[in-house]
Amino acid sequence: MKVNSAGNNYNKSQRIILIASDFDEQTLSAVVWLNSYNVEISCFKMTAYKIMAEVYINIEKVLPLNTFLNYYVNFLDSSLKSSTQKKSITRRVLPKIDEMLEWGVVKAGDTIGAKGRDDEGTFLDNGNVKVNGEEISMQKWLKEHFGWSSIQIYVFAVHKDTGKTLSQIREEYMEAR
């Protein structure tokens with residue numbers, strides 16, 4: 001005896017979420033193919049960082065990629081905030097060091113430190129840092145310093161004058177614009 005229609009709806013709207021420290025090309029290719037056939041499957045890259053006694057986890061969406069549709073705004077939508085309300089950051093691709101230099105929110109000669117550590121470097125006009133008399137990319141410096149295979153420089157590079165991470169500085173500037 002059939003009590004409800006659960007049997008008709010069972011396994012009709014499954015969703016697959018893959019989480020890993022990295023994905024190979026074959027997996028990503030299979031995910032793209034499955035998405036093209038309306039199988040809801042996503043890939044997220046998860047990286048854990050330990051700084052002193054604190055553990056930080058970064059989760060980054062790899063697939064499916066956002067489309068240009070995510071950038072369009074419907075100007076006829078009455079739910080949009082008025083121009084007098086505070087703007088929120090909606091950019092999908094955040095500005096890099098070169099744009100931060102162009103804005104003047106960081107400058108050549110500024111001291112940059114590694115979050116939670118005493119090591120420092122001097123910021124150069126090309127986005128690299130000078131550490132112990134040697135020019136090195138911030139990515140390479142922080143990866144070597146923390147001993148990790150990858151690192152988010154904007155989260156772990158601290159501007160010494162302000163005490164803020166590059167991520168915080170960038171966010172504040174973008175919200176003020």
Side-chain angles (χ1 to χ4, degrees), residues 16-33 35 41-68 70-71 87-177:
I16 302 167
I17 299 173
L18 302 175
I19 301 173
S21 60
D22 208 357
F23 294 94
D24 60 27
E25 290 180 19
Q26 292 83 5
T27 302
L28 294 175
S29 178
V31 169
V32 170
W33 183 82
N35 272 294
I41 182 169
S42 303
C43 292
F44 291 86
K45 181 177 176 181
M46 186 170 88
T47 310
Y49 302 101
K50 184 174 184 181
I51 301 176
M52 304 189 138
E54 299 284 326
V55 176
Y56 299 90
I57 296 176
N58 178 55
I59 299 175
E60 177 183 348
K61 184 177 182 183
V62 178
L63 285 175
L65 297 173
N66 293 324
T67 67
F68 288 115
N70 292 331
Y71 296 92
K87 298 176 190 174
S88 64
I89 298 173
T90 57
R91 266 180 96 156
R92 298 281 184 199
V93 178
L94 293 172
K96 303 289 186 219
I97 293 292
D98 58 338
E99 286 181 89
M100 292 177 72
L101 282 162
E102 189 177 299
W103 297 339
V105 295
V106 292
K107 298 175 185 68
D110 288 354
T111 304
I112 301 294
K115 188 174 194 173
R117 307 285 174 96
D118 293 331
D119 295 65
E120 297 179 347
T122 304
F123 203 60
L124 301 174
D125 60 358
N126 61 3
N128 289 339
V129 290
K130 193 170 205 169
V131 180
N132 299 325
E134 179 186 346
E135 181 177 338
I136 187 171
S137 74
M138 268 202 296
Q139 180 83 9
K140 185 174 181 186
W141 172 55
L142 291 170
K143 280 174 32 177
E144 288 174 358
H145 184 69
F146 285 100
W148 300 331
S149 60
S150 68
I151 192 165
Q152 290 187 316
I153 63 171
Y154 298 93
V155 174
F156 291 97
V158 178
H159 188 263
K160 286 295 186 172
D161 289 344
T162 63
K164 297 176 183 177
T165 65
L166 294 181
S167 179
Q168 291 169 319
I169 293 171
R170 174 173 62 186
E171 208 170 297
E172 287 174 3
Y173 180 81
M174 290 173 61
E175 284 179 355
R177 289 176 71 179

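Quick note: residue numbers are just sequence positions, from 1. Being a predicted model, the structure only gives us computed values, none of them experimental.
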Query raised in the report: Do other residues, nucleotides or ligands put more than 12 heavy atoms under 6.0 Å from Asp24 CG?
Result: yes

Query raised in the report: Between atom CD of Glu144 and atom OG of Ser137, what is the distance when rounded to the nearest 0.5 Å?
Result: 8.0 Å

**Report entry** Contact summary for Trp141 and Val129, nearest pair of heavy atoms
**Finding:** CE3-CG2, 3.9 Å

Report task. State, yes or no, whether a side-chain contact exists between Thr47 and Ile57 at a heavy-atom distance under 4.5 Å. Result -> no

Query raised in the report: Given Leu63, which of Thr27, Val32, Ile41 fulfils the side-chain contact (heavy atoms from CB on, under 4.5 Å) condition?
Result: Val32

Requested in this report: Report yes if some heavy atom in the side chain of Thr111 is under 4.5 Å from a heavy atom in the side chain of Asp161; otherwise report no.
Outcome: no

Query raised in the report: According to the interplanar angle, ranging from 0 to 90°, do the rings of Tyr173 and Trp103 count as parallel (below 30°), tilted (30 to 60°) or perpendicular (above 60°)?
Result: parallel

Requested in this report: Identify the two heavy atoms, one from Phe123 and one from Leu101, that lie closest to each other, and give their separation to 0.1 Å.
Outcome: CE2-CD2, 3.4 Å

Report task. Of all the heavy-atom pairs spanning Met100 and Tyr154, show the shortest one and how long it is. Result -> SD-CE2, 4.0 Å

Query raised in the report: Of the options Ile97, Asn128, Val131, Leu124, which is the one that meets Met138 in a side-chain contact (heavy atoms from CB on, under 4.5 Å)?
Result: Ile97

Report summary line: Distance col, row Asn58:CG vs Lys45:NZ, nearest 0.5 angstrom, shows 9.0 Å

Query raised in the report: NE2/His145 to NZ/Lys140 distance, rounded to the nearest 0.5 angstrom?
Result: 15.5 Å

Report summary line: Minimal heavy-atom distance between Leu166 and Ile153, with the atoms involved, is CD1-O, 4.5 Å

Query raised in the report: Considering residues, nucleotides and ligands other than Lys160, do more than 12 of their heavy atoms fall under 6.0 Å from its NZ?
Result: yes

Report task. Would you kindly check if the NZ (Lys) or CZ (Arg) of Lys115 is within the cone defined by 45 degrees around the ring axis of Tyr49 and under 6.0 Å from the six-membered ring centre? Result -> no

Query raised in the report: Can you check side chain to side chain contact (heavy atoms under 4.5 Å, CB included) on Glu135 and Asn126, steps first, answer last?
Result: CA-CA 10 Å; Glu135 181 177 338; Asn126 61 3; 2.7 Å; yes

Query raised in the report: Ile112 and His159: side chain to side chain contact (heavy atoms under 4.5 Å, CB included), yes or no, with the steps?
Result: CA-CA 5 Å; Ile112 301 294; His159 188 263; 4.1 Å; yes

Query raised in the report: Do the side chain of Glu54 and the main chain of Ile51 share a donor and acceptor less than 3.5 angstrom apart?
Result: no

Query raised in the report: Which is it for Lys164 and Glu172 under the side chain to side chain contact (heavy atoms under 4.5 Å, CB included) test, yes or no, and what are the steps along the way?
Result: CA-CA 10 Å; Lys164 297 176 183 177; Glu172 287 174 3; 2.7 Å; yes

Query - Spacing of Thr165 atom OG1 and Glu171 atom CD [to the nearest 0.5 Å] - result: 8.0 Å

Query raised in the report: Is there a side chain to side chain contact (heavy atoms under 4.5 Å, CB included) between Asp110 and Thr122 once you walk through the steps?
Result: CA-CA 6 Å; Asp110 288 354; Thr122 304; over 6 Å; no

Query raised in the report: Quick one: do Arg170 and Glu99 make a salt bridge, cutoff under 4.0 Å?
Result: no

Report summary line: Taken to the nearest 0.5 Å, the spacing of Cys43 SG from Leu28 CG works out to 5.5 Å

